[in-house]
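Protein chains get the first letters and strands the later ones, always in sequence-line order, with residue 1 at the start of each.
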There are 2 protein chains.
Amino acid sequence: MDIGWLEDFLALAELRNFTRAAEFRNVSQAAFSRRIQSLENWLGTGLIVKGSQPVRLTEAGEQFRETAQVSVERLLETRASIRGSQFDAMSQIRLAMPNVLARSEFKRILGVIGPRTKTSFSVIVGTTSEVTARYLAGDADILFAHDAPALPTHEALSSHERLALRRDRFLPYATRDAAARERFGFPGTPGQPFPLIAYSQRAYFARLFEHVLERAPHRPSYKVTVQCDMSDVLKEVIVAGYGVGWLPQSTVDAASAEQIAPVDEKDWAMELDICAFRPRHPLGPKIEAVWEALCASVSQG
Amino acid sequence: MDIGWLEDFLALAELRNFTRAAEFRNVSQAAFSRRIQSLENWLGTGLIVKGSQPVRLTEAGEQFRETAQVSVERLLETRASIRGSQFDAMSQIRLAMPNVLARSEFKRILGVIGPRTKTSFSVIVGTTSEVTARYLAGDADILFAHDAPALPTHEALSSHERLALRRDRFLPYATRDAAARERFGFPGTPGQPFPLIAYSQRAYFARLFEHVLERAPHRPSYKVTVQCDMSDVLKEVIVAGYGVGWLPQSTVDAASAEQIAPVDEKDWAMELDICAFRPRHPLGPKIEAVWEALCASVSQG
DNA sequence: CATGGGCCATGCGACATCCGCATTGGACTT
DNA sequence: AAGTCCAATGCGGATGTCGCATGGCCCATG
């Protein structure tokens, strides 16, 4: 029996919906459903009332929920405590950040925290949801991520300390070539869709994009030209003139800025923060020093 | 993180020896070692002091031991409790027994318990260690097994209720063919080994056999002819005249008794019990009724 | 100091499990 | 009655785990 199953069950008991709970737990709905079945099989009894909407727990499910909660909490707390007492001897600090920040921001972050500490760093990179899950699972000490207050990266991060390092903007870019920009016709009309360089379905930026559309003056019409979950790849495609795509301003360096420019900033941009997250409990002197350096860099401007 | 890892760690903390703990947990030493590593990796710190003999826990290990103990106990207790409250609705009673008992004793057992209950039975069969492990893991309600008080089937069974159903004897058999028996020369001498039909290394009966040898008047010399972990297979080989092999008397039915007979019973036999085991906590009305039927069958003779 | 035995770690190939995708089956809504 | 939302399941592929065999280490013993 995996304690991940317990966490799955707790998420399901909380959200009362397999699909949302699966999303929360960062697995497919299919896998999630089977994990709950595995847990029921281990217990030897059903936890969920079949064919009820929304999900309801059986009597056994209610009884088990408390034990699951207590056990998971105790195990995770003990792990955190042990890790905390080991921090002095810890050889390296583990940072997690999505690919886009690893490329555009890591140098800056290292400039802030590097000089003040003698430890080495281990950097976990991947998609936003991947690194967030790994941070929440305790695989990293500090998480860096884009985060819009209106659209949190992950609900579970709300119980963590959040430090906005600096402002960023998420806005549409296109090549500077006037003829191409004219041809795209952004933001388009229902009859004339513009070519969109889009994020993959599950990416955090895809959710941000949806959010932008919902708050826009009108729903534009578009046709997806290229889809990918890495901003840097999308940027290259935009540079090559294949269409319009949303990028965090921070990823557009001087070289790229010569080739691409924002389109119609006013209505289609979204403010967001580049944030650092850390657990609220003490993390040992070295990591605390790093965190203080981050805080200081913010307050100093 | 699997709670099996926690049970592994608790066994190791208790026994202070990887090899014994692995045996206790019914896995290879290699797998056991890797599971401890997995747990250490999940915790992010070492639990075992490297290069110490016997095994010693680190400070973190001592700290984690208590949490592991509490969490495992709580989870298993809650499972048992939930299962207990579900017993009325339980469709079938789960019996576990080694192959040899499934073939020779199940009919008798069913004759005792079958008439008094209306539920159906699910029978888990396998090697003794397999079914014992599954019973201990909660996959069965009642375990049937051979058990010699001097050589318990599994240490963990000592905390379970034990009911000796009837006596059995573990003793050497050979074909009735006089010429062959003469040729075997059992119990042999250092110079003239007898042909042994032996149990596989890890089988419970292999341990019993070793125990018999240790208590025998002299250490005989033998040569393994055939090795297998199923008594019934060994019996066929003995019938075919390939050598001498130890069998539980209960497996020798009338048909076999015409072809094989014990050899030198006095010094090479061992008394053992055919036992039923059950957890000490209440198990619900149906299973309690079965247990009472078993008890009654013993006291009535 | 050399040797042997007990003990834990690891390379390797085989096997089981778990995952994601796509789809089905079922209940409820419009 | 068609549409929508939701959980369960068949299937192919990836990932992890196992046992076996072996290697390296320490310690006890001659």
Side-chain angles (χ1 to χ4, degrees), chain A residues 1-9 11-42 46-58 61 126-127 129-130 133-134 137 139 200-203 206 227 229, chain B residues 1-9 11-42 46-58 61 126-127 129-130 133-134 137 139 200-203 206 227 229:
Chain A
M1 203 272 288
D2 196 291
I3 73 155
W5 297 355
L6 301 181
E7 297 179 279
D8 291 336
F9 171 64
L12 178 59
E14 183 76 26
L15 299 174
R16 304 191 173 284
N17 176 307
F18 278 69
T19 308
R20 323 278 167 172
E23 191 175 345
F24 181 83
R25 291 280 299 150
N26 247 75
V27 292
S28 69
Q29 175 265 320
F32 187 86
S33 174
R34 275 188 280 245
R35 287 200 208 167
I36 297 297
Q37 287 177 46
S38 297
L39 183 60
E40 288 180 326
N41 190 51
W42 181 79
L47 293 167
I48 307 298
V49 178
K50 298 273 179 194
S52 70
Q53 208 56 226
V55 164
R56 249 182 35 235
L57 301 188
T58 62
T127 68
S129 64
E130 281 168 3
R134 293 198 57 183
D139 288 346
S200 303
Q201 289 290 339
R202 325 222 352 195
Q227 199 165 33
D229 61 2
Chain B
M1 203 271 288
D2 195 290
I3 74 155
W5 297 355
L6 300 182
E7 296 179 281
D8 292 334
F9 171 64
L12 179 58
E14 183 77 24
L15 299 173
R16 306 194 171 285
N17 176 307
F18 278 68
T19 308
R20 324 279 168 169
E23 192 175 346
F24 180 83
R25 291 281 298 150
N26 246 76
V27 292
S28 69
Q29 174 266 319
F32 187 85
S33 173
R34 275 188 281 245
R35 287 200 206 168
I36 298 296
Q37 287 176 50
S38 297
L39 183 59
E40 290 179 326
N41 190 50
W42 180 78
L47 293 166
I48 308 298
V49 178
K50 298 272 178 193
S52 69
Q53 208 56 228
V55 164
R56 250 184 33 238
L57 301 189
T58 61
T127 67
S129 64
E130 280 168 4
R134 293 197 57 181
D139 288 345
S200 304
Q201 287 292 339
R202 326 227 344 201
Q227 199 165 35
D229 61 3

Checking all strands, does B/A31 fall into the base, sugar-phosphate, or nothing category for heavy-atom contacts under 4.0 angstrom?
sugar-phosphate
Nearest-Å distance for atom pair NZ/P, residues B/K50 and C/dC8:
11 Å
Roughly how many Å is it from CG in A/D8 to C1' in C/dC18, rounded to a whole number?
13 Å
To the nearest Å, how far apart are A/N26 CG and C/dC19 P?
13 Å
Grab the CZ-C1' distance between B/R56 and C/dC7 for me, whole Å please.
16 Å
Compare all side-chain heavy atoms of B/L57 with those of B/I48 and state whether any distance is below 4.5 angstrom.
yes
Give one of base, sugar-phosphate or nothing for B/S28, where a contact means two heavy atoms less than 4.0 Å apart.
base
Test your reading of the model: is there a side-chain donor-acceptor pair from A/R25 to the backbone of A/L12, 3.5 Å cut-off?
no
Counting heavy atoms not belonging to B/Q227, are there more than 12 under 6.0 Å from its CD?
yes
Separation of C/dG6 C1' from B/E23 CD (nearest whole Å)
14 Å
Quick check on C/dG6: is either OP1 or OP2 less than 4.0 Å from any side-chain nitrogen or oxygen of B/N17?
no
How long is the span from the CG atom in A/D8 to the CZ atom in A/F24, to the nearest 0.5 Å?
10.5 Å
Ranking C/dC8, D/dG19, D/dA7 by distance to the side chain of B/F18, first place goes to C/dC8
Separation of D/dG16 P from B/Q37 CD (nearest whole Å)
15 Å
Rounded to whole Å, CZ of A/R16 lies from C1' of D/dC5 at a distance of 19 Å
Any N or O donor-acceptor pair linking the side chain of B/R34 to the base of D/dG19 at under 3.5 Å?
yes
Got a second to check how far B/N41's CG is from B/L47's CG, nearest 0.5 Å?
11.0 Å
A/W5, nearest nucleotide to its side chain (from C/dC7, D/dA8, C/dC18)
C/dC18
Expressed as a whole number of angstroms, how long is the span from A/L39:CG to D/dA7:P?
17 Å
Considering only side-chain heavy atoms of B/T19, which listed nucleotide, D/dA8, C/dC7, D/dA7, is closest?
C/dC7
The side chain of B/Q29 lies closest to which of these nucleotides: C/dA9, D/dA7, D/dC18?
C/dA9
Whichever of B/A30 and B/R20 has the more 5' nearest nucleotide on DNA chain C, that residue is B/R20
